[in-house]
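What follows is a set of notes on a single structure, which appears directly below.
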2 protein chains.
Amino acid sequence: MAERDHAYHHGDLRAALVEEAAAMISEGGAASVTMRAIGSRLGVSRAAPYRHFPDKTALLVAVAVEGFRRLNRRLRGSSTGAAGSSVERLRHMGEQYVRFALENPAHYRLMYGREALARQDHPELREAAAVLLEHLIGVIRVHQQRGEIEREDPRAQAYVAWSAVHGLASLLIERQIDPNFDVDALLNQTTETLLVGLRGAGTATG
Amino acid sequence: MAERDHAYHHGDLRAALVEEAAAMISEGGAASVTMRAIGSRLGVSRAAPYRHFPDKTALLVAVAVEGFRRLNRRLRGSSTGAAGSSVERLRHMGEQYVRFALENPAHYRLMYGREALARQDHPELREAAAVLLEHLIGVIRVHQQRGEIEREDPRAQAYVAWSAVHGLASLLIERQIDPNFDVDALLNQTTETLLVGLRGAGTATG
DNA sequence: GGGTGTATGTTGACGCCGTCAACAACGTCG
DNA sequence: CGACGTTGTTGACGGCGTCAACATACACCC
């Protein structure tokens, strides 16, 4: 039997659990993740995960944190590497954000779904999300200094921008948007509207 | 024993189930809704609900549909009744949308959470959401005709606007936004940015 | 190198869950 | 007044998360 190198001890069960849970989530949604099922898929008993995570929620939090890391990496690449004007970069960042959500819907849902992750506070999760926000704020500051968008509280502007892309991603994922609609066009129009709104203020009232 | 008027038969158990489930959701989140618990709260056995709903998901769908109805009623009031310019009315509508979500977080989550409602399609739920969208499109058309926002596909503009308010509501509900932040100010800035973006297009690029 | 302690994995059990089948009471209509 | 459909009840089943008791493997010290 050459099937298991480490025999009794798994080697790195913790990492394997997070990886496998992520795979199951993208295959069958968060509901398909069961302590029994995940153990069975890894050739391990149902209670084995409890040596590495206090409960199921903690495991899911680890999966969500890993999701934030991947999303962060992707956004970081698009905000520094891309060509074109700097506003173009901000737009590209928004696009990458929405595409990530569309490519990993169940994972994205888990990252933001407070319901699935119980009512408790999970500091690591909060921090992973905060890193993303801080990065966005930094990018916005740069654009402010170049006079490309209005100089208001960059944190507020970041929240507005985040709301726009998160809202679009969320509605698309939850199939609230007509599937016949051209996603790329809608994405373009969203970032366009957002950037115009951030740049020129004036009064929209009256 | 004067405690039950109808003795064996409940009277209108179906309506009572929807109402009670909604109450439990706002008290303890969707996870606290259990066929056993809801039955017990209504003085009825755990299997009684199955005479009115094929399964638990169907009951939750009914609750979500009721949520959409309430939200619709609220938005309809704010888009026709409010004072001020007509753009002011659109802004007010966005505000009411977000406030509804903040006042009924668990209910709102249920309305848009595809996860909780399984993977199936629920026509009534889809239709309830569609009514909301159609109303928004109608309001946008009116503003287009008055030249207050750019004349593009009103459906696309509706999606953009919906994304903005849904995103903000969602981030607030899931506590992704610094609680020290002034919600009213953020809400104002979101609607402001959105309206400016919808009104003046030009090119944000370069 | 043998013994010991700790980390890791297993098994059995518990209570909760959604759901179904079989049964019972109610109300209605001939 | 009797037959019947509707509505509610009870018992049971399998699946779930989790805990306690037990077993194995590895690491380290003499």
Side-chain angles (χ1 to χ4, degrees), chain A residues 1-21 24-25 27-64 110 113 115-120 122, chain B residues 1-21 24-25 27-64 110 113 115-120 122:
Chain A
M1 300 227 186
E3 54 177 335
R4 35 188 186 155
D5 288 10
H6 299 267
Y8 193 84
H9 281 350
H10 183 281
D12 193 356
L13 184 55
R14 188 182 206 281
L17 286 167
V18 175
E19 189 182 343
E20 198 67 25
M24 293 174 73
I25 282 174
E27 287 169 23
S32 75
V33 179
T34 286
M35 293 310 243
R36 287 161 156 88
I38 193 175
S40 139
R41 278 172 67 135
L42 289 173
V44 126
S45 82
R46 67 195 184 274
Y50 288 89
R51 297 295 168 189
H52 302 273
F53 298 96
D55 54 23
K56 187 187 175 185
T57 297
L59 170 55
L60 290 180
V61 166
V63 174
L110 180 68
E115 192 78 338
L117 269 41
R119 226 176 313 291
Q120 293 175 268
H122 302 281
Chain B
M1 297 221 189
E3 55 177 334
R4 37 190 184 152
D5 288 10
H6 300 266
Y8 193 83
H9 282 348
H10 183 281
D12 192 358
L13 184 54
R14 188 181 205 280
L17 285 168
V18 175
E19 189 182 343
E20 198 67 24
M24 293 175 73
I25 281 174
E27 288 170 22
S32 75
V33 178
T34 286
M35 294 309 243
R36 287 161 157 87
I38 194 175
S40 140
R41 279 173 65 137
L42 289 174
V44 127
S45 83
R46 66 196 184 275
Y50 287 89
R51 297 294 168 191
H52 302 273
F53 298 96
D55 54 22
K56 187 186 174 186
T57 297
L59 171 55
L60 290 180
V61 166
V63 174
L110 180 69
E115 193 76 339
L117 269 43
R119 226 176 312 294
Q120 292 174 268
H122 302 281

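The sequence lines fix the lettering, A, B, ..., with proteins before strands; numbering per chain opens at 1. Note: hydrogens, waters and symmetry copies are ignored here, and every other heavy atom, side chains too, is used. Since the structure is predicted, the reported quantities are computational estimates derived from the model, not experimental observations.
Distance, A:I38 CD1 to C:dG9 P: 13 Å, rounded to whole Å. To the nearest angstrom, C1' of C:dG9 lies 9 Å from CG of A:L13. What separates CZ of B:R51 from P of C:dA21 is a distance of 11 Å, to the nearest Å. Put simply, OH on A:Y50 is 5 Å from C1' on D:dT18, counting in whole angstrom units. Rounded to whole Å, the distance from CG on A:L60 to C1' on D:dG17 is 12 Å. C:dA7 atom C1' lies 14 Å from atom CG of A:D12, rounded to whole Å. For the pair B:F53 CZ and C:dC20 P, the computed distance is 16 Å after rounding to whole Å. One atom, NZ of A:K56, and another, P of D:dT18, lie 8 Å apart when rounded to the nearest Å.
In this structure, A:A62 and A:V18 approach most closely via the heavy-atom pair CB-CG2, 4.0 Å. Of all non-hydrogen atoms in B:R41 and B:E27, the two that sit nearest each other are NH1-OE1, 3.2 Å. Here the shortest heavy-atom pairing between A:I38 and A:L17 reads CD1-O, 3.5 Å. The two atoms that bring A:M24 and A:V33 nearest to each other are CB-CG2, 4.0 Å, heavy atoms only.
Judged by distance alone, with hydrogens and angles left aside, A:R36 brings no side-chain donor or acceptor close enough to the base of D:dG15 to form a pair under 3.5 Å. Contact of A:R46 with D:dG15 (side chain to base): no donor-acceptor pair of N or O atoms is detected under 3.5 Å.
In this structure, B:H52 does not reach the D:dT6 phosphate: none of its side-chain N or O atoms is under 4.0 Å from OP1 or OP2. Residue B:S45 places none of its side-chain N or O atoms closer than 4.0 Å to OP1 or OP2 of D:dG8.
Separating the CG atom in B:L13 from the NE2 atom in B:H52 is a distance of 4.0 Å, to the nearest 0.5 Å.
Between D:dT9, C:dG18, C:dT10, one nucleotide has an atom nearer to the side chain of B:M35 than all others, and that is C:dG18. Of the candidate nucleotides C:dC17, C:dG9, D:dT10, C:dC17 has the atom lying nearest to any side-chain atom of B:T34.
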